[in-house]
Protein chains: 2
Amino acid sequence: MELQLVNERRRGPYAAKRLSEFAARCRRGGLAVTPQRLAIIKALLGSGEHPRADAIFAAVRMQHPHISLATVHRTLETLCEIGEARKVTMLHDSARYDGNITPHHHVVCVKCRRIRDIEIPRLDRLLAGQSELGEFTVLGSSLEIHALCEECGAKRAKANRTGKPRR
Amino acid sequence: MELQLVNERRRGPYAAKRLSEFAARCRRGGLAVTPQRLAIIKALLGSGEHPRADAIFAAVRMQHPHISLATVHRTLETLCEIGEARKVTMLHDSARYDGNITPHHHVVCVKCRRIRDIEIPRLDRLLAGQSELGEFTVLGSSLEIHALCEECGAKRAKANRTGKPRR
DNA sequence: ACCTAGGTGATAGTGATTATCATCTGGTTA
DNA sequence: TAACCAGATGATAATCACTATCACCTAGGT
Ligand SMILES: [Mn+2]
Ligand SMILES: [Mn+2]
Ligand SMILES: [Zn+2]
Ligand SMILES: [Zn+2]
């Protein structure tokens, strides 16, 4: 009741709604609505697998045999930037190691990737009781809080004040 | 009180204790205690930065100018395998994209990397009230539950029964 | 001191992602 | 509707974190 797998059935209607709004959202974000972008968001919304770029590429290729893998990478990144998609983890680029093996969680600055330890006793208690989750046997968990550190927050605020582009 | 940064001061004593037990733990894991391994765990325990392999390499080089970057990568991986270190996220190899932008979390099979959505309303409520965390401005969060899926769990059980190596 | 399984250093290879750049096109304008 | 052009795409090279290989070395047991 507290912690449950999301029902796969929900995805169909959700995807349809998102797809119908996509063109408008692109324009709002200043992006052209290209057949490639439509095909990519469609493939992404149609999958519950949290696919990699190459899987999207394979799917999209069936309708757009000339599409480039680079376009798929670029577009997925762009979709994340305008908030139409997300990465499952923002720390996929290079491994970050931790000598602290006591159970704890992390805050990550989305801009400079600074990481600090946090403790959330209530979360640990909540998860302690869960050994099964649908077809999964739970082994452990880690929470990643996305944040802006003081330094990066200050930089961004200053950039806004002086009218510079904010990313 | 519910969710707080871990005090940096704790790291000193913790590192000292871990370091003093390190040789024994290596032997228990069937690993030789080499100067390189000692230097690497020392550097890792001495850092609160959740460093990358190259940062560890730079630190260790000061005392071991001949150490190889490959050794640093290998050793960090080995330390994770024997439980003396961990990666901040297990999904750093290639990006996984998600078309579902509603707030939700994930279960990840540690073996086959299958990912499924989960909902944890209580966690979302807990975090909803947090907009500041020490010097960080909270933007969002995602919980990654590490698990074994049914299929991989079955495979592992079978391998154990027939006496095959389990990884 | 000697042996050997396992560890290391040097280096080549891999694979995902990014950069470059010539060409093309969505969407605005006249 | 045609002409225009900022931005998008495709082809391809480059990058970069990480892994594989292999000859040599050494920790730890005899
Ligand atoms: Mn940590
Ligand atoms: Mn998801
Ligand atoms: Zn920052
Ligand atoms: Zn699995």
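So you know, we letter chains A, B, ... as the sequences are listed, proteins then strands, and number each from 1. A quick note: this is a predicted structure, and the numbers were derived from the prediction, not measured.
Helix bend of the helix from C:dA1-D:dT30 to C:dA30-D:dT1: the angle between its two end axes, each built from five pairs, comes to 40° after rounding to 10°.
Counting only heavy atoms from C-beta outward, the side chains of A:Thr71 and A:Val60 never approach each other to under 4.5 Å. Under the 4.5 Å side-chain criterion, counting only non-hydrogen atoms from C-beta, A:His50 is not in contact with B:Val108. A:Glu132 places a side-chain heavy atom less than 4.5 Å from the side chain of A:Thr137. At a threshold of 4.5 Å between non-hydrogen side-chain atoms, the residues B:Lys111 and B:Leu148 count as touching. A:Leu19 places a side-chain heavy atom less than 4.5 Å from the side chain of A:Lys42.
Per the geometry, CG belonging to A:Leu76 stands 15 Å off C1' belonging to D:dT9, to the nearest Å. In this structure, CD of B:Glu77 is placed 17 Å from C1' of C:dT8, rounded to the nearest angstrom. When rounded to the nearest whole Å, the span between NE2 of B:His92 and P of C:dG15 equals 15 Å. Rounded to a whole Å, the NE2 atom of B:His66 is 16 Å from the C1' atom of D:dT26. Atom-to-atom, CZ of B:Phe57 to C1' of C:dT8 comes out at 13 Å; the value is rounded to the nearest Å. Following rounding to the nearest Å, A:His73 (NE2) and D:dG10 (C1') show an atom-to-atom distance of 14 Å. D:dC18 atom P lies 12 Å from atom CD1 of B:Ile56, rounded to whole Å. To the nearest angstrom, P of D:dA17 lies 13 Å from CZ of A:Arg113.
Between the CD atom in A:Glu49 and the CZ atom in B:Arg116 there is a gap of 9.0 Å [rounded to 0.5 Å]. Distance CZ/B:Arg114 to CD/B:Glu150: 9.0 Å, rounded to 0.5 Å.
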Next item on the list: Between protein and nucleotides 19-30 of chain C, map the contacts as a letter string: B base, S sugar-phosphate only, - none, heavy atoms under 4.0 Å, written 5' to 3'.
Entry: BB-----SS---

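Two residues, B:Ser94 and B:Gln36, neighbour DNA chain C, and the one matched to the more 5' nucleotide by heavy-atom proximity is B:Gln36. Of the two residues contacting DNA chain C, namely B:Ser68 and A:Lys87, the nearest-nucleotide position lying further toward the 5' end is that of B:Ser68. Along DNA chain D, the nucleotide nearest to A:Val72 and the one nearest to B:Leu69 differ in position, and the one closer to the 5' end is contacted by A:Val72.
Taking each heavy atom of B:Leu69 and B:Ala53 in turn, the nearest pair found is CD1-O, 4.5 Å. Between B:Ile118 and B:Ile145 the shortest heavy-atom distance is CD1-CD1, 3.7 Å. Nearest heavy-atom pair across B:Leu91 and B:Glu144 is CD1-OE1, 3.8 Å.
In this structure, of D:dA11, C:dG7, C:dA16, it is C:dG7 that holds the atom nearest to the side chain of B:Arg37.
In this model, the phosphate group of C:dG9 is approached by a side-chain N or O of B:Thr71 to a distance below 4.0 Å at OP1 or OP2.
With respect to the salt-bridge test (charged N to carboxylate O, under 4.0 angstrom), the residues A:Glu84 and A:Arg37 do not qualify.
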Shorter than 3.5 Å, N or O on both sides, protein versus nucleotides 14-16 of chain D: list them out with atom names.
none

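If you check the side chains of B:His106 and B:Asp117, you find a donor sitting under 3.5 Å from an acceptor.
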